[in-house]
Every structure is written in structure tokens, then in C-alpha cells.
Amino acid sequence: MNAISRQPEDEIDEALAYHQGDARATIAALLAEREFLLREIEYASLALSYGFARGWKPARQSSTR
């Protein structure tokens with residue numbers, strides 16, 4: 001299946017299947033990946049000049065709604 005025709009439900013099912021249907025393990029893995037990506041953005045922002053980023057800095061946003 002190509003990336004264009006993939007539906008979000010397919011990706012959810014795939015992630016759950018990878019963790020043998022354990023929803024908590026799936027969520028924990030996704031949160032860990034999110035933290036890794038946030039750190040990568042923070043590291044990249046240190047390498048960007050102020051002018052290149054036009055003053056933008058990544059901000060951690062609360063996930064509570």
C-alpha cells in the first residue's frame with residue numbers, strides 16, 4: 001500500500017499490531033518517540049541562526065485540552 005492511500009485507521013491498526021494489541025505499550029512508544037522528536041527540534045534550533053529562523057523557537061506545548 002502506498003503512503004498516499006493509507007488511512008489513519010490503517011496506521012493505528014499497524015501500531016497496535018506491532019505491540020501485540022497492547023494499547024498502553026503503543027501509547028508509551030508514541031510518547032517516547034514524541035519526546036525524542038521534540039529534543040531533535042530543540043537541538044536543531046540551537047544550530048539555526050536567529051535570522052534564518054526569524055526568531056522562531058520551538059515551544060513545548062501542553063498536551064492537555
Side-chain angles (χ1 to χ4, degrees):
M1 181 181 295
N2 67 31
I4 294 173
S5 65
R6 291 185 69 172
Q7 298 296 315
E9 295 83 21
D10 296 336
E11 293 178 356
I12 293 168
D13 292 339
E14 189 176 311
L16 284 168
Y18 183 83
H19 294 282
Q20 291 81 36
D22 186 351
R24 291 183 66 82
T26 303
I27 293 170
L30 291 171
L31 290 173
E33 183 66 18
R34 177 184 176 272
E35 285 300 314
F36 170 78
L37 293 172
L38 286 172
R39 276 194 313 277
E40 290 295 306
I41 290 171
E42 289 172 0
Y43 294 149
S45 71
L46 294 174
L48 292 174
S49 71
Y50 182 82
F52 181 77
R54 295 192 173 123
W56 178 84
K57 292 286 185 182
R60 287 187 174 243
Q61 295 179 356
S62 175
S63 61
T64 57
R65 292 178 192 205

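A quick note: this is a predicted structure, and the numbers were derived from the prediction, not measured.
We find the NE2-CD distance between H19 and E14 to be 10.5 Å, quoted to the nearest 0.5 Å. In this structure, the separation between CD on E35 and CD on E40 is 12.0 Å, given to the nearest 0.5 Å.
The side chain to side chain contact (heavy atoms under 4.5 Å, CB included) search around D22 returns R24, A25, not counting sequence neighbours. Scanning for side chain to side chain contact (heavy atoms under 4.5 Å, CB included) contacts around L16 gives I12, A23, T26, with sequence neighbours left out.
Apart from L37 itself, the hydrophobic cluster it occupies contains F36, where clustering links Ile, Leu, Val, Met, Phe, Trp and Tyr at side-chain heavy-atom distances under 4.5 Å.
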